[in-house]
Amino acid sequence: MPATHRIPATPETIRWGTFDGAYKPVAEVESGDLVILQCVSGAPDVVAEAEALGLKIPPALAAIHASNPPRLGPHILTGPVAVKGAMPGDVLRVDIEKIELGAEWGFCGFRPLGGTLPEDFPYRRMLHIPVDHEKRTGHVPIGGGITLPLSPFFGVMGVAPPVEWGPISTKEPRAHGGNLDNKEIGEGATLFLPVHVPGGNFCAGDGHGVQGDGEVCINALEMCLTGHFRLTLMKGANLAYPRAETATHYITMGMHEDLDEAMKKALREMIGFITSRTNLSAADAYQFCSLAVDFHVTQTVNGEKGVHGLLKKGLLF
């Protein structure tokens with residue numbers, strides 16, 4: 001029977017802002033096992049503001065700050081977790097079975113030189129947003145107060161990049177996954193990631209309570225989440241780029257600093273996906289995409305911008 005592994009967020013089990021193919025895993029599991037990762041979010045300045053407002057700071061987050069870990073990029077990741085037998089050329093299937101809220105608040109902000117409109121908003125602003133666990137809502141303190149239903153997902157899910165890349169920031173999404181910020185890949189969805197190093201070495205973090213496509217100001221509702229991930233090895237599947245699916249759609253992705261190029265990548269990935277599953281030619285698939293596939297701007301704030309394509313299940317297969 002598949003086992004269940006619980007990995008808390010501690011100074012020993014997190015990496016702050018870094019993917020690296022040379023990192024040793026914090027745990028090794030069998031294919032098909034369930035891994036429960038506690039993930040936390042919030043830099044010291046954000047936490048200090050939240051404390052001043054009387055908001056409760058999760059002990060795990062406070063302990064990580066007290067340890068003063070090395071930091072490269074913006075996200076605190078839990079992991080990596082290795083899957084026995086995974087090798088380059090394989091694919092890691094990540095089924096997101098459950099997402100639990102991990103704090104009574106979250107935050108959303110912008111700062112100079114960041115976001116989609118830095119020239120319009122050259123200053124810092126931070127909103128601290130109380131979260132109602134029972135109602136699964138967030139109360140945004142703008143316009144007299146706006147209540148939003150939550151739809152949690154992890155902004156960052158990825159495997160280790162190729163070792164030759166060295167340490168890289170968690171900010172930019174790439175072929176290993178990482179900071180995808182794709183709100184479609186929430187509870188019940190499946191993410192497929194190409195394996196680059198032995199074990200695959202899966203990490204997750206950057207919990208989002210809710211997000212609009214584009215994530216335009218820099219942040220979604222950033223908050224602590226705990227994810228239940230079933231990690232399954234697909235031997236020899238030889239996927240070159242992340243893909244995903246939900247109960248209703250197949251999803252391809254494209255990332256590039258030029259949004260036009262990100263769109264082209266997502267479209268080429270969808271054409272390749274369709275031709276691999278049907279007898280349609282590339283030209284057929286190209287026209288079918290124009291008729292029936294929706295392409296959304298995933299995010300415009302991570303350097304490498306994102307576009308994702310949505311093919312409704314049942315239209316072709």
Problem set entry | Expected output: side-chain Arg125 to main-chain Phe110 donor-acceptor under 3.5 Å | no

For this session: Output every pair passing salt bridge (Lys or Arg N to Asp or Glu O under 4.0 Å) with a member in residues 16-29, not counting sequence neighbours, ordered by first then second residue.
Result: none

Problem set entry | CG on Leu221 to CG on Leu148, rounded to 0.5 Å | 8.5 Å

Exercise. Which pair of non-hydrogen atoms, one from Pro141 and one from Ile129, has the smallest distance, and what is that distance?
Worked result: CD-CG1, 4.1 Å

Exercise. Could you give all pairs that pass the side-chain hydrogen bond (donor to acceptor under 3.5 Å, both in side chains) test and reach residues 62-90, with sequence neighbours left out?
Worked result: Glu30-Lys84, His75-Thr170, Asp90-Lys235

Report, one line per pair, each donor and acceptor closer than 3.5 Å where one atom sits in a side chain of residues 49-57; sequence neighbours left out.
from  : atom 1 : to     : atom 2 : distance (Å)
Glu49 : OE1    : His128 : NE2    : 2.9
Glu49 : OE2    : Arg124 : NH1    : 2.8
Glu49 : OE2    : Arg124 : NH2    : 3.2

For this session: Decide whether Val197 and Met87 are clustered together by the hydrophobic rule: side chain heavy atoms of Ile, Leu, Val, Met, Phe, Trp, Tyr closer than 4.5 Å, transitively.
Result: no

Which atom pairs, donor and acceptor, lie under 3.5 Å between side-chain atoms of residues 201-210 and protein residues at least two apart or in another chain?
from   : atom 1 : to     : atom 2 : distance (Å)
Asn201 : ND2    : Tyr23  : O      : 3.4
Asp206 : OD1    : His208 : NE2    : 3.1
Asp206 : OD2    : His208 : NE2    : 3.2
His208 : ND1    : Gln211 : OE1    : 3.1
His208 : NE2    : Glu222 : OE1    : 3.3
His208 : NE2    : Glu222 : OE2    : 3.1

Exercise. Does any donor atom in the side chain of Thr137 or Thr147 lie under 3.5 Å from an acceptor atom in the other side chain?
Worked result: no

Problem set entry | Connected hydrophobic set around Ile168, excluding itself, where side chains approach under 4.5 Å | Phe19, Leu77, Val156, Trp165

Problem set entry | Straight-line distance of Lys305 NZ to Thr298 OG1, nearest 0.5 Å | 12.5 Å

Problem set entry | Any side-chain heavy-atom pair of Glu187 and His228 under 4.5 Å | no

For this session: Kindly give the cluster partners of Met234, where membership spreads through any ILVMFWY side chain lying under 4.5 Å from a current member.
Result: Val91, Phe192, Leu239

Seminar exercise, completed: Quick note, salt bridge (Lys or Arg N to Asp or Glu O under 4.0 Å) partners involving residues 143-153, not counting sequence neighbours, are none

Exercise. How far apart are the closest heavy atoms of Ser41 and Cys224, and which atoms are they?
Worked result: N-SG, 3.6 Å

Problem set entry | same_hphob_cluster(Leu225, Val131) at 4.5 Å side-chain heavy-atom cutoff | yes

Seminar exercise, completed: Across all chains, not counting sequence neighbours, the side chain to side chain contact (heavy atoms under 4.5 Å, CB included) partners of Arg268 are Lys264

Exercise. With side chains defined as the heavy atoms from C-beta onward, is the minimum distance between Lys313 and Thr248 less than 4.5 Å?
Worked result: no

Problem set entry | Fellow cluster residues of Tyr250, listed by chain then number, with links counted only when side-chain atoms sit under 4.5 Å apart | Leu259, Met263, Leu267, Met270, Ile271, Phe273, Ile274, Leu280, Tyr286, Phe288, Val293, Phe295, Val297, Val307, Leu311, Leu315, Leu316, Phe317

Problem set entry | Residue pairs fulfilling salt bridge (Lys or Arg N to Asp or Glu O under 4.0 Å) with at least one residue in residues 278-304, sequence neighbours excluded | Arg174-Glu304

For this session: Would you please test His139 and Asp132 for side-chain contact (heavy atoms from CB on, under 4.5 Å) and show each step?
Result: CA-CA 8 Å; His139 187 72; Asp132 187 316; over 6 Å; no

Problem set entry | Pairwise side-chain contact, Gln38 with Thr13, heavy-atom cut-off 4.5 Å (strictly under) | no

Exercise. Are the side chains of Arg136 and Pro152 in touch, meaning some heavy atoms are under 4.5 Å apart?
Worked result: yes

For this session: Tell me who clusters with Leu72, hydrophobic residues only, linked when side chains sit under 4.5 Å apart either directly or through other members.
Result: none

For this session: Indicate yes or no: at least one non-hydrogen side-chain atom of Leu127 is less than 4.5 angstrom from one of Phe107.
Result: no

For this session: List the atom of Gly114, the atom of Pro118, and the distance in Å for their closest heavy-atom pair.
Result: O-CB, 3.5 Å

Exercise. Is the side chain of Glu245 donor-acceptor paired with the backbone N or O of Thr190 at a distance under 3.5 Å, no angle test?
Worked result: no

Problem set entry | Single-linkage hydrophobic cluster, 4.5 Å side-chain cutoff, Val40 and Ile99 together | no

Exercise. Distance from Ile64 atom CD1 to Ile14 atom CD1, nearest 0.5 Å?
Worked result: 5.0 Å

Problem set entry | Same cluster (ILVMFWY, side-chain, under 4.5 Å), Phe153 and Ile96 | no

Exercise. Of all heavy-atom pairs between Trp105 and Met223, which one has the smallest distance, and what is that distance?
Worked result: O-CB, 3.7 Å

Exercise. Does the side chain of Leu117 reach to within under 4.5 Å of the side chain of Val216, using non-hydrogen atoms?
Worked result: no

For this session: Could you tell me whether the side chain of Met253 reaches within less than 4.5 Å of the side chain of Pro173, counting heavy atoms only?
Result: no

For this session: Tell me whether Val35 is reachable from Val159 by hopping between hydrophobic residues (I, L, V, M, F, W, Y) whose side-chain heavy atoms are closer than 4.5 Å.
Result: yes

Problem set entry | Side-chain touch Pro2/Leu34, heavy atoms, less than 4.5 angstrom | no

Name the atoms and distances for all side-chain donor-acceptor pairs under 3.5 Å in residues 178-185, with sequence neighbours left out.
from   : atom 1 : to     : atom 2 : distance (Å)
Asn179 : ND2    : Lys171 : O      : 2.8
Asn179 : ND2    : Asn302 : OD1    : 3.2
Asp181 : OD2    : Asn302 : ND2    : 2.8
Asn182 : OD1    : Glu184 : N      : 3.0

Exercise. Any salt bridge between Glu261 and Lys265, counting N to O under 4.0 Å?
Worked result: no

